[in-house]
**Student:** 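Before I ask anything, let me first share the structure, which is written out below as structure tokens.
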Amino acid sequence: MRCTAIMVAGSSWVCASITTAQPDWMAWVEWHRLYEQDEWHKILYYESTRGGVRSQADDPAFFLAREGATQPKSELIASIEHFLAEPSGSDNPVHCRFPRRYDWLKSQLPRTLTWPDVECPELSAFIEQAAPKGMTLVYPASYLNNPASMFGHTFIRVDAEEEGGQRNDLLALTVSYGADVKPNENGFVYAFKGLTGLYPGSVRSHPYYLQVQNYNELESRDIWEYPLHLTADQTETFIKAAWELKDINFHYAYLLKNCSYRLLSVLEAAFPELDLVSEYDAYAVPIDTLRTLERADLLDEPHYRPAIASRIAYLRHRVPTPGNKLARRLVDDGVSDARQQALTDYSQDQQGNVIDLAYEYSRFKAKRDEGDLAEVSYDLLRLRSRYPSGELKIEPEDWPAEPLAGHGIRRIGLGGGVWRDRPYGLLSFRPVYHDRYDRQAGFLKHSQINALNSEWRLVDGSDSPFGIKLDRFDLVDFSSLVPYNPMTPAMAWTGRLGWQRSSPADAQLPFGASLGLGRSRQLTENSTVFLMAAFEASSRPEFSYGIQAGWLASLGDDKRLGVELRSTDSLLTDDSRLRVDATYNHPLSRNQAIRTRIGYHRDDDTEGWNTRLQYLRYF
Amino acid sequence: MKKVLLTAGLTIALSGTAMAQSGPGCGLGSMLFKGKSGTVNHVLASITNGIYSNQAFGMSTGTLGCDTSQPIEYTEVAAYMDANLDQVAVDMARGEGESLDGLATLLDVPASERAAFAATAQANFTRIFPSAETTRETAVEELMAVLREDEALAEYALNA
């Protein structure tokens, strides 16, 4: 019989076997090999390694056995021993620190075992406060200005019970995992540590209103809320699983063990019958984790919560053009009597819209630190209060397509082309994410996020020993071509880093970077034009500058058409290069498309037409 | 339903109040369109998935930084208003909105009375928010006064 507690009686040590009166649970555990159960492994976040398992929890505080991180059996036995013992009198006994595993062990072991009565006031208060009724998966969309946010984020909101339904969502508690980064961390250090998994990370809980303010207002990101098909009891189990992670470190790694991956693993710990994490081995992108939950039949129809810029765009379209101008001048030039008078030219409803638009614009402008707009914002609110009540609400018919309506983020392409009368085969692969000719629904408008995109040309043996040539490999290829609007001004920009052949006739495959900076304008309701200053440097060697311009249009539901031009001159030589491309992308379904491109290329060595056709498959 | 103490919100909202309390309530409250002298932005920024937060699970029983003579309900409302002053102001001006509804929830206004609550608030907007420099203290005080003067809503005013 093991010695499970030592008490001091007088001056002698007495070994007390508290488990003497209990059935022999140790034998039961051995017989059933409880420590090998999938459920136990999920609750403790064990993953397979060479020669065994290791928990993803990078924190000794998570384990009750010294070697618990790699020995599920020791951890299980130590856990049962601790849970069977009376709480030691500390104000945070293990029964309260690890409620998820405590519940699971109690449910698995024989009913004849007696467990001590333990009060967990902090946990109980937290659950009472959360008043769980259900859970929602919250997905703040992409934010291009920050690599950490480029692919969105996911966290859980615990929906609360109130008489007559659901309590106001803003008051709900959230559970979110993220990296613990020092404020003002250097950008390169952040990128390096984030990619290599050197940041500690932890689970935090905040009221939802703080999250909404941060994403919708501060970062101007749309939020999509997907209610989960989980009951109140299941939600309480999830809370207990999350509670175990309080102050526990899990190293954060940008590519795989990130917020979305961790969230799936906590859901597995709460609901081990789910298999959510096993498909992820190299990288986990938030939208993919949403698809995993969709396949597990856990997601309900989403609700859209618009960012401040989206609300401004919505109001701008509801109000006629002169109303837009008036709204802008109310803010830029003040709420004068003359402008208040000008309001009366509109219907009462539209007057309310103009004031709402002006107010939202004033807060957006203030966020960019352009002067103190408090007086103007206040004057607008005072004005608004005299109008009939009306919430600013965007109805579902005006919502953008939800993220799950978008194409898969991986894309493979198969096709062929002709360069100067010579045909070639074409193969392309892009692991991540979206470009400006892909079907646009569900993605951040006017944005392109491409990483590790490659194009291969299949040629006859005379050109290359293997019959295949790499034409390009982009490490990153991003762009944001948001049309300029005085209320939400933005620069258009593109950035590319990688290897690229300038044309099929180019013998070199230099490594380089290119940058474009300029402006985009809305031309018609469905098309934009852009003009940018272009810069390029490569290992050819080459330094060149010039212009990049284009016209991009959406036709019908989801077809994309564009014409782009790029004209650059070299700083080092007299060379110049011109490239004009017309591209048309025709989706066949959500995850298939046909794309064709007709291009003209001219530089000082060569000139010719390059036409191609590809079948694209997304997954 | 029992009043629920939003200690998470309380802790976060009040973590920026390093200064000692000056007067009743929870230290210096926020001001319209200015937050708590820049700390709101910092607090908000700490929410994003990349920035350090030292409040893992914002649980603390109560009155962190608050004048302990105040009842819990007042502290709760004060903390919410500190973090949501702008949002509540615009909802009041519009006569409807989710942040205003959140405030009504904290005041235990039942669903059947919420429309009346919002309408009364809108009608008294310039009293509750008299200027662009309105502080949380003023807004809460005036709102309570407005409620007390209304027969149907008086019972929801806090007795602060």
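Chain A is the first sequence line, chain B the second, and so forth, proteins listed ahead of strands; every chain is numbered from 1. All of these numbers come straight from a predicted model, not from anything done at the bench.
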**Student:** State whether B:E98 and A:R167 are salt-bridged, where the test is any N-O pair (Lys NZ or Arg NE/NH1/NH2 against Asp/Glu carboxylate O) under 4.0 Å.
**Tutor:**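 No, no charged N to carboxylate O under 4.0 Å.
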**Student:** Could you tell me which of A:R386, A:R382, A:R363 has the largest number of non-hydrogen atom pairs under 4.5 Å with chain B?
**Tutor:** A:R363
**Student:** Side-chain donor-acceptor pair under 3.5 Å between B:N84 and A:Q213, yes or no?
**Tutor:** yes
**Student:** Quick one: closest heavy-atom pair of A:A374 and B:K34, and the distance?
**Tutor:**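 For A:A374 and B:K34, the tightest heavy-atom pair comes out as CB-NZ, 3.7 Å.
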**Student:** Quick one: what part of B:A111 sits under 4.5 Å from any heavy atom of chain A, side chain, backbone, both or neither?
**Tutor:** neither
**Student:** Starting from the C-alpha separation in whole Å, work towards a yes-or-no answer on side chain to side chain contact (heavy atoms under 4.5 Å, CB included) for A:L381 and B:F129.
**Tutor:** CA-CA 10 Å; A:L381 287 188; B:F129 288 94; over 6 Å; no
**Student:** Considering non-hydrogen atoms only, spot the tightest contact between A:G390 and B:E96 and give its length.
**Tutor:** CA-OE1, 3.7 Å
**Student:** Going from OG on A:S389 to CG on B:D91, what distance comes out if it is rounded to the nearest 0.5 angstrom?
**Tutor:**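 Nearest 0.5 Å value for the OG-CG distance: 11.0 Å.
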**Student:** Chain B heavy atoms under 4.5 Å from A:R262: which part of the residue, side chain, backbone, both or neither?
**Tutor:**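 Answer is neither: A:R262 stays 4.5 Å or more from chain B.
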**Student:** Residues of residues 115-126 of chain B under 4.5 Å from chain A (heavy atom pairs)?
**Tutor:**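 Within residues 115-126 of chain B, the residues under 4.5 Å from chain A are B:Q122, B:F125, B:T126.
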**Student:** Chain B heavy atoms under 4.5 Å from A:P200: which part of the residue, side chain, backbone, both or neither?
**Tutor:**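 Neither part, no heavy atoms under 4.5 Å.
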**Student:** A side-chain contact here means heavy atoms from C-beta on lying under 4.5 Å apart; do B:F33 and A:D372 qualify?
**Tutor:** no
**Student:** Ignoring hydrogens and geometry, is there a side-chain-to-backbone donor-acceptor pair from A:Y209 to B:G102 under 3.5 Å?
**Tutor:** no
**Student:** Which of the residues A:V212, A:I355, A:L392, A:D356 is involved in the greatest number of heavy-atom pairs with chain B at under 4.5 angstrom?
**Tutor:**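 Counting heavy-atom pairs under 4.5 Å, the top option is A:D356.
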**Student:** Of the backbone (N, CA, C, O) and the side chain (C-beta and beyond), which part of A:D169 lies under 4.5 Å from a heavy atom of chain B, both, or neither?
**Tutor:**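 Looking at A:D169, backbone and side chain both touch chain B.
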**Student:** Would you say the side chain of B:V90 lies within less than 4.5 Å of the side chain of A:Y359, judging by non-hydrogen atoms?
**Tutor:** yes
**Student:** Decide, yes or no, whether a salt bridge links B:R94 with A:E360 under the criterion of side-chain N to carboxylate O below 4.0 Å.
**Tutor:** yes
